[in-house]
Amino acid sequence: MENVTVFCASSPKVNEDFLVEAEKLAEELVANDYGIVYGGGAVGLMGRLANRALELNGRVKGVIPHFMVEVEWEHKGVSDMIHVESMAERKHILIEESGAIVVLAGGIGTLEELFEVLSLKKLGKVRHPIIIVNTNGYFNPMIEMLESMIDENFMRQEHAALWHVVNTSGEVCEALRNLPEWSDNAIKFAAVE
Ligand code: AMP
């Protein structure tokens, strides 16, 4: 696997811990020779992730729709930038360009991206490891919600392996090395029966 896709916040106004975690993820991925694929933004966790990776001479690829370029949201220092027409096309490329997904703290955009890839993986359309970095327990309510989907039989017990939670960015590459592969027969157990 050469590239890892990162979904994370665009907000710059969050607690500094979240922004620093994005820089630490850049350090972890560059040190382990992964290229970073991300949403192409210049601010928030996205900006801090890209800036730190570029400082370290890491490989960074952005994917951003034209309408965000028009409102100057694009990171101007990322030369490997793919411009697309729609959010759907952007998400498709963000997933297709890499072999794994890492999710840092974020808002509805980040959660939408995470839930799309979880849903595709449940249906066997992708097999990416999906690692959630649970900085300061930010994602605890969301993880509880996912677990109650299993407890209430909206998903099967096997689906707990769709995602993997770590506490810090420093644990991401070890998790990537050790996670078991997702079944290419996932569609066979996608439905609750
Ligand atoms: P959020 O977690 O809501 O901050 O959303 C992060 C995602 O939302 C990004 O991948 C983009 O799809 C989009 N997004 C929202 N605001 C921006 C921004 N200022 N610059 C770039 N992307 C943004």
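In what follows, residues are counted from 1 in the order of the sequence shown. Counting convention: from 1, in listed order, for ligands and their atoms alike. None of these values were measured; they are calculated from a predicted model.
For atom 8 (O) of ligand 1, the closest non-hydrogen atom of the protein is G109 CA, 3.9 Å. The shortest contact between atom 11 (C) of ligand 1 and any protein heavy atom is with R90 NH1, 2.8 Å. At the shortest separation from atom 2 (O) of ligand 1 among protein heavy atoms lies T110 OG1, 2.6 Å. Closest to atom 18 (C) of ligand 1 among all protein heavy atoms lies W73 CE3, 3.1 Å. Closest to atom 10 (O) of ligand 1 among all protein heavy atoms lies E113 OE2, 2.8 Å. M46 CE, 3.4 Å is the protein heavy atom nearest to atom 21 (C) of ligand 1. Protein heavy atom closest to atom 16 (N) of ligand 1, with residue, atom name and distance, is S10 OG, 3.1 Å. For atom 14 (N) of ligand 1, the closest non-hydrogen atom on the protein side is M68 CE, 3.9 Å.
Between the N32 side chain and the Y34 main chain, no donor and acceptor come within less than 3.5 Å of each other. For the pair E21 (side chain) and S169 (backbone), a donor-acceptor distance under 3.5 Å is present.
Near A9, meaning under 4.0 Å from one of its heavy atoms, ligand 1 places the atoms 2 (O), 4 (O). Every atom of ligand 1 with a heavy atom of G106 under 4.0 Å away is listed here by number and element: 2 (O). For ligand 1, the atoms sitting less than 4.0 Å from at least one non-hydrogen atom of M87 are 12 (O), numbered in the order shown with element in parentheses.
Using a 4.0 Å cut-off between a side-chain N of Lys or Arg and a carboxylate O of Asp or Glu, E97 and K61 qualify as a salt bridge. A salt bridge links E112 with K91: the closest approach of a Lys/Arg side-chain nitrogen to an acidic carboxylate oxygen falls below 4.0 angstrom. Taking 4.0 Å as the cut-off between side-chain N and carboxylate O, E27 and K24 do not count as a salt-bridged pair.
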List the atom pairs, with distances to 0.1 Å, where a side-chain N or O of residues 43-51 and a protein N or O form a donor-acceptor pair under 3.5 Å, not counting sequence neighbours.
{"residue": "R48", "atom": "NE", "partner": "E23", "partner atom": "OE2", "Å": "2.7"}
{"residue": "R48", "atom": "NH2", "partner": "E16", "partner atom": "OE2", "Å": "2.5"}
{"residue": "N51", "atom": "OD1", "partner": "H75", "partner atom": "NE2", "Å": "2.6"}
{"residue": "N51", "atom": "ND2", "partner": "G47", "partner atom": "O", "Å": "3.2"}

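Residues A161 and K121 come closest through the heavy atom pair O-NZ, 4.0 Å.
Closest heavy-atom approach to atom 6 (C) of ligand 1 among the candidates C8, G39, P65, G107: C8.
Taking 4.0 Å as the cut-off, G40 does not count as a neighbour of ligand 1 on heavy-atom distance. Under a 4.0 angstrom heavy-atom cut-off, E74 registers as lying outside contact with ligand 1.
Residues E28 and T168 fail the side-chain proximity criterion, which asks for heavy atoms closer than 4.5 Å.
If you check the side chains of N15 and N136, you find no donor sitting under 3.5 Å from an acceptor.
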